[in-house]
Amino acid sequence: MSAHNPSHVMPSELIDKCVGSKIWVLLKGEKEIVGTLRGFDAYVNMVLEDVTEYDVTPEGRIETKLDTILLNGNSIALMVPGGEPPAQ
């Protein structure tokens, strides 16, 4: 078995390729975040800029614009490089 298979991409490599690009982050709970990834650490804590936070409530989706945030990696359920939530 080969020690390195070029067809396999490690999660940290994929996230590293997204630095400087837009990323859609679905959080545990009812929130979603779209922003430009500026950096991350080994725990997948992220610095995001030009952020839009979407809070899904029974009344509908609430949008909040933020300049820069530090997102705790423990709250992340899913990340979509280059993605955005569907329009509602």
Side-chain angles (χ1 to χ4, degrees):
M1 183 171 177
S2 172
H4 178 70
N5 184 339
S7 66
H8 292 147
V9 177
M10 297 299 294
S12 60
E13 291 178 83
L14 180 59
I15 298 168
D16 191 49
K17 290 179 181 181
C18 296
V19 172
S21 300
K22 186 177 276 192
I23 191 166
W24 173 25
V25 182
L26 285 79
L27 305 177
K28 298 173 186 173
E30 300 296 323
K31 290 191 180 189
E32 300 176 16
I33 291 177
V34 175
T36 301
L37 179 62
R38 290 296 171 212
F40 67 98
D41 65 12
Y43 300 101
V44 195
N45 298 313
M46 297 181 177
V47 176
L48 298 164
E49 290 182 343
D50 301 322
V51 174
T52 304
E53 178 185 71
Y54 300 95
D55 193 6
V56 181
T57 68
E59 294 79 34
R61 191 167 71 175
I62 300 169
E63 288 185 24
T64 306
K65 300 284 186 179
L66 304 164
D67 290 330
T68 303
I69 66 167
L70 172 60
L71 179 63
N72 185 316
N74 286 331
S75 62
I76 297 171
L78 177 74
M79 295 182 292
V80 182
E84 285 199 37
Q88 285 189 346

Item to check | Co-members of the apolar cluster containing Leu78 [side chain, <4.5 Å] | outcome: Trp24, Leu26, Val34, Tyr54, Val80

Checklist outcome for this item: Sorted by chain and number, sequence neighbours left out, side chain to side chain contact (heavy atoms under 4.5 Å, CB included) with Thr57 holds for Asp55, Glu59, Ile62

Checklist entry - With sequence neighbours excluded, what pairs up with Glu32 under the salt bridge (charged side-chain N to carboxylate O under 4.0 Å, His left out) test? => result none

What donor-acceptor contacts under 3.5 angstrom involve side-chain atoms of residues 40-50, with partners at least two apart or in another chain?
{"residue": "Asp41", "atom": "OD1", "partner": "Tyr43", "partner atom": "N", "Å": "2.9"}
{"residue": "Asp41", "atom": "OD1", "partner": "Val44", "partner atom": "N", "Å": "3.2"}
{"residue": "Asp41", "atom": "OD1", "partner": "Asn45", "partner atom": "N", "Å": "3.0"}
{"residue": "Asp41", "atom": "OD1", "partner": "Asn45", "partner atom": "ND2", "Å": "3.4"}
{"residue": "Asp41", "atom": "OD2", "partner": "Asn45", "partner atom": "ND2", "Å": "3.0"}
{"residue": "Asn45", "atom": "OD1", "partner": "Gly73", "partner atom": "N", "Å": "2.8"}
{"residue": "Glu49", "atom": "OE1", "partner": "Arg38", "partner atom": "NE", "Å": "2.7"}

Checklist entry - Do Ile15 and Ile23 come close enough that some side-chain heavy atom pair is under 4.5 Å? => result no

Checklist outcome for this item: Those residues at least two apart in sequence (or on a different chain) that pass salt bridge (charged side-chain N to carboxylate O under 4.0 Å, His left out) with Glu84 are Lys22

Item to check | Pairwise side-chain contact, Leu66 with Ile33, heavy-atom cut-off 4.5 Å (strictly under) | outcome: no

Item to check | Residue list, side-chain hydrogen bond (donor to acceptor under 3.5 Å, both in side chains) with Lys31, at least two apart or on another chain | outcome: none

Next on the checklist: Enumerate the side-chain hydrogen bond (donor to acceptor under 3.5 Å, both in side chains) contacts for residues 65-76, please, sequence neighbours excluded, ordered by first and then second residue.
Outcome noted: Thr52-Lys65

Checklist entry - Is Val56 reachable from Leu71 through a run of hydrophobic residues whose side-chain heavy atoms are each under 4.5 Å from the next? => result no

Next on the checklist: Measuring only between side-chain heavy atoms, which start at C-beta, is Arg61 closer than 4.5 Å to Pro85?
Outcome noted: yes

